[in-house]
Amino acid sequence: MRKYTKISALMASVAVVALTGAANAGQFDGVTIEAKLIGGQQYEALYARIADWETSTGAKVKIISKKSHFEIDKEIKSDMAAGTTKWCVGSNHSSFAAQYEGLYVDLNKLLDKKDIAGFVPANISASTIKGELLMLPRAQFDVSAMYYLKSNYTNAEKSAAFKAKHGYELAPPKTWTEVKDQAIFFSDPPNFYGTQFAGKDEAIVGRFYEMLVAEGGQYIDDKSMPVFNSEAGQRALQWFVDLYTAKAVPAGTTSYVWDDLGQGFASGTIALNLDWPGWAGFFNDPKQSKAAGNVGVIIQPMGSDSSTGWSGHHGFSITNDCANKDAALSLVKHLTSEESQLVESKGGSLPTRTAVWVANIEIAEKGDDAFRTEVLRTFAEAAKYAFAVPPIPEWTETTNLVFPELQAAILGDKTVKEALDDAQAAVDELMKENGYY
Amino acid sequence: MTKRRLPEWFILVLPAIIVIALVVLIPLIFSLYSSFTSYKLTKPASLWNWIGTYNYEKILSDSKFWWAFLRTVIFLTIVLNVEMLLGLAIALMMNKVTWGQRTLRTIIMFPMMFSPILVGFQFKFIFNDNIGLVNNILQSTGISNTAFPWLVDANLAMFSIMFAEVWMSTSVFTILILAGLFAMPRDPLEAAKVDGCTPYQSFKHITLPFLMPFIYIAMTIRSLDVARAFDIVQIMTGGGPARRTELLWTLMGRTGYVDARMGLANAMGYVAIILSIIFTVYFFKKLSAARAGLGMEA
């Protein structure tokens, strides 16, 4: 009964929001808001709701660019260089936001506290750089959980062999040490691998970063000085090296990013796969995945200190040069409202509003898709351990200095210490050049 | 008193001078200037922050840059020569075809019609070690039971990107050399036949010298293309892993656009131009020599 009460309450609040919108009909007659949005099929459901906002306010939205986030990032940097930043609304991402210094409005100045209260506090915190709220989060929150092939845990012979070797029961792993033990145990290259990891660009640095945090280390200290070449850092990197050396990951893993990893797990040849929520439906779809029907998901494992939980989310920002900030704010509020988040998260993405989290789980429990319920429950739990990247404009730049060194250690070109020494020296030079110390 | 008028020839070429200045000279001067600043795309004001030769000093003392430079030279040398040899062989064979040659010429140009990005993705999939075509064929036919890390191993990764580049652009050589073969007079070949020359002697002493100017023109064009090889390498390996396939343009692309350090990237560009100039001057010298050898005006 309580379930229905919560959903009803949410629907009622959505209706109130819709009525409020109707009350503002014609408020922005004749106004055109130019927007640069992240493109892709999974984002279109939300953009379909732009028409509702146009009808209710009388304004028009002109989408002047729709590209992947990496392409939008380059375009925005070019806009900043050329001074062509009069467009109003831009898609943003928590890992990119710190780079665009001076481009976007501090939304704290435009919004009431009650407008912000409905969002998950951790998402608001990750959207805030140097005290300025630079974007409002949409229902595209990312944190990784551990997908696994269930069949590996139902074979009595295999379980007995594992226990004999490692002295504990074979069950979906709770720690990263267990992941390593099991990945090596399950591997049978080149036909089957224990696990895999993103091996290049920001992706591998993100994975290293979360492992570093889970081992109790820091990427940069309070003075923005790189400090990842600590014992924790070396332990974190050693984990990747050990798996690669033991051939428990595909040999090409250092050239993999997200699509390669998703396709790899869907091919049914990977036992354990730390991955994003957006893949859940794909992994369990019999038309697209050989792993369908055999996929389980548990929260991300623990390191020696805490859980991993590198996270990020998408959002919308308003430029300082926007001529009609009120209309832009109204559009951003509409796209990040509870109603919009309910619509967007229907596609499988994770919301950034507390009420929508609750509603989604309740809706899933009412349905007959047990896997969807398991996924939502797991990611709701995983989100509790989420943390963003260090909020410095140079984050992306540091990752370009660090990732080749991590690869060098993984491939055996350098020792773990040499690689981290070199990476830390390069980041140190960068931070000095940028006047941090 | 009569006004001094500009010469007519100057007035006539003035529009061309203005257009060239706008589209070539000004960007060149601007990028050269910015290479002496700390210009960052995300901080437009940094364009006026003059830092002298700091960027150049940083590059010249950076072993990573010089390794990328060396790799680019090796990449360029191998790719150009393989494309030339394959292009020559294909052109000679096509020249013998008497039926359906036009269709064949169109087919041979197919790889050129693909976007380099598409070619990059295609070969990235083909050479994927886990789900890629090559390893699957090798394993399913029993030739090997190893998952070859085509895009990871230092030598295999360079081989893979060279293979993709050669696959896409050999037809440039083929078409240009074929044009040379079509333009070749038949008399010297027939005279050689009458004099009892073997096919190899005719090829070595008559056909090849005649084709050399065409080959050097193709070499010059392709050397500039390959020296800018970016898309295929960026998609297939991104210059990695561990900088094993890092070429000048992947390094510059990342520095300029991802890191937004346009001043530093422009400085890299100016050092990299030296490479293009060396190759272009070398091939033009060879072209002049080849033309002089044929009794043409050098």
Side-chain angles (χ1 to χ4, degrees), chain A residues 70 73-74 76-83 99-103 189-191 193 196 199-202 204 244 247 249-257 260 263-264 266-267 269-270 393-394 396-401 403-414 419 426 429-430 433-434, chain B residues 34 38-47 51 54-55 58 62-64 121 124-125 127-132 135-136 138-139 144-154 156-157 160 234-246 251 253-262 264:
Chain A
F70 290 99
D73 173 60
K74 286 176 195 163
I76 290 173
K77 283 169 181 167
S78 301
D79 281 348
M80 290 175 75
Q99 295 179 97
Y100 315 124
E101 282 178 292
L103 176 64
N191 303 313
Y193 294 95
Q196 57 181 355
K200 65 176 185 179
D201 301 335
E202 190 212 13
I204 188 178
Y244 193 83
K247 295 189 176 8
V249 293
T253 202
T254 48
S255 65
Y256 292 179
V257 277
D260 310 282
Q263 295 293 346
S267 74
T269 59
I270 305 290
E394 291 79 10
T396 309
E397 215 172 328
T398 70
T399 65
N400 282 329
L401 295 169
F403 89 78
E405 302 299 341
L406 300 181
Q407 290 178 327
I410 291 166
L411 296 172
D413 292 355
K414 291 180 181 179
E429 188 185 339
L430 172 76
E433 279 176 4
N434 283 288
Chain B
S34 73
S38 63
Y39 184 37
K40 264 195 106 163
L41 289 178
T42 49
K43 293 179 182 170
S46 59
L47 181 58
I51 54 169
Y54 178 81
N55 285 335
K58 190 176 165 81
D62 184 0
S63 62
K64 290 186 242 57
F121 277 115
K124 187 182 175 188
F125 168 70
F127 286 119
N128 182 297
D129 60 292
N130 191 19
I131 53 171
N135 275 356
N136 268 297
L138 291 175
Q139 285 162 18
S144 169
N145 196 29
T146 310
F148 290 105
W150 292 102
L151 299 175
V152 173
D153 179 84
L156 289 179
S160 304
Q234 182 64 27
I235 300 291
M236 286 178 70
T237 63
R243 301 192 182 92
R244 287 171 171 184
T245 56
E246 185 87 291
L251 181 64
R254 197 177 313 117
T255 308
Y257 287 104
V258 182
D259 295 349
R261 303 179 79 173
M262 206 41 101
L264 184 62

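Each chain gets a letter, A, B and so on, in the order the sequences are listed, and its residues count up from 1. Since we're looking at a predicted model, the values are computed, not measured.
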Name the residue from A:Thr399, A:Thr396, A:Thr398, A:Asn400 that meets the side-chain hydrogen bond (donor to acceptor under 3.5 Å, both in side chains) definition with B:Asp259.
A:Asn400
Straight-line distance of A:Asp79 CG to B:Leu41 CG, nearest 0.5 Å
10.5 Å
Between A:Pro250 and chain B, with a heavy-atom cut-off of 4.5 Å, which part of the residue counts as in contact: side chain, backbone, both or neither?
both
Which atom names give the shortest non-hydrogen contact between A:Leu411 and B:Ala242, and what distance separates them?
CD1-CB, 4.2 Å
Hey, which of A:Asp201, A:Asn191, A:Ile204, A:Thr254 has the most heavy atom pairs under 4.5 Å with chain B?
A:Thr254
Which heavy atom of A:Asp413 sits nearest a heavy atom of B:Arg244, and at what distance?
OD1-NH2, 2.7 Å
So how far is it from B:Tyr257 OH to A:Ser78 OG, rounded to the nearest 0.5 Å?
6.5 Å
Among B:Asn145, B:Thr237, B:Thr255, B:Asp153, which residue has the highest count of heavy-atom pairs closer than 4.5 Å to chain A?
B:Asn145
CA sep, side-chain torsions, deciding dist, call: A:Glu433, B:Leu264, side chain to side chain contact (heavy atoms under 4.5 Å, CB included)
CA-CA 12 Å; A:Glu433 279 176 4; B:Leu264 184 62; over 6 Å; no
Chain B heavy atoms under 4.5 Å from A:Glu429: which part of the residue, side chain, backbone, both or neither?
side chain
Could you walk me through whether A:Tyr256 and B:Leu151 satisfy the side chain to side chain contact (heavy atoms under 4.5 Å, CB included) test, starting with their C-alpha distance in whole Å, then the side-chain angles of each, then the deciding distance to 0.1 Å, before giving a yes or no?
CA-CA 10 Å; A:Tyr256 292 179; B:Leu151 299 175; over 6 Å; no
Any residue meeting ring-ring contact (aromatic ring centres under 6.0 Å, His included) with A:Tyr244, in chain and number order, not counting sequence neighbours:
none
Closer than 3.5 angstrom, by distance alone: can the side chain of A:Lys77 be matched with the main-chain N or O of B:Val258 as a donor-acceptor pair?
yes
If you round to the nearest 0.5 Å, how far is CG of B:Asn128 from CG of A:Asp260?
6.0 Å
A:Ser255 side, atom OG; B:Lys124 side, atom NZ - distance, nearest 0.5 Å
7.0 Å
Salt-bridge contact A:Glu101-B:Lys40 (side-chain N to carboxylate O under 4.0 Å):
no
Per-residue contact mode, B:Phe127 against chain A (heavy atom under 4.5 angstrom)
neither
Sorted by chain and residue number, the salt bridge (Lys or Arg N to Asp or Glu O under 4.0 Å) partners of B:Glu246 (sequence neighbours excluded) come out as B:Arg254
Between B:Lys58, B:Lys43, B:Gln139, who has the most heavy-atom pairs with chain A when the cutoff is under 4.5 Å?
B:Lys58
Quick one: closest heavy-atom pair of A:Ala251 and B:Ala147, and the distance?
CB-O, 4.2 Å
CG of A:Leu103 to OG1 of B:Thr42, rounded to nearest 0.5 Å, is 10.5 Å
Can you tell me which portion of B:Phe125 sits under 4.5 Å from chain A's heavy atoms? Options are side chain, backbone, both or neither.
neither
Which atom of A:Gly252 lies closest to which atom of B:Val152, heavy atoms considered
CA-CG2, 3.4 Å
List the atom of B:Arg243, the atom of A:Leu401, and the distance in Å for their closest heavy-atom pair.
NH2-O, 4.0 Å
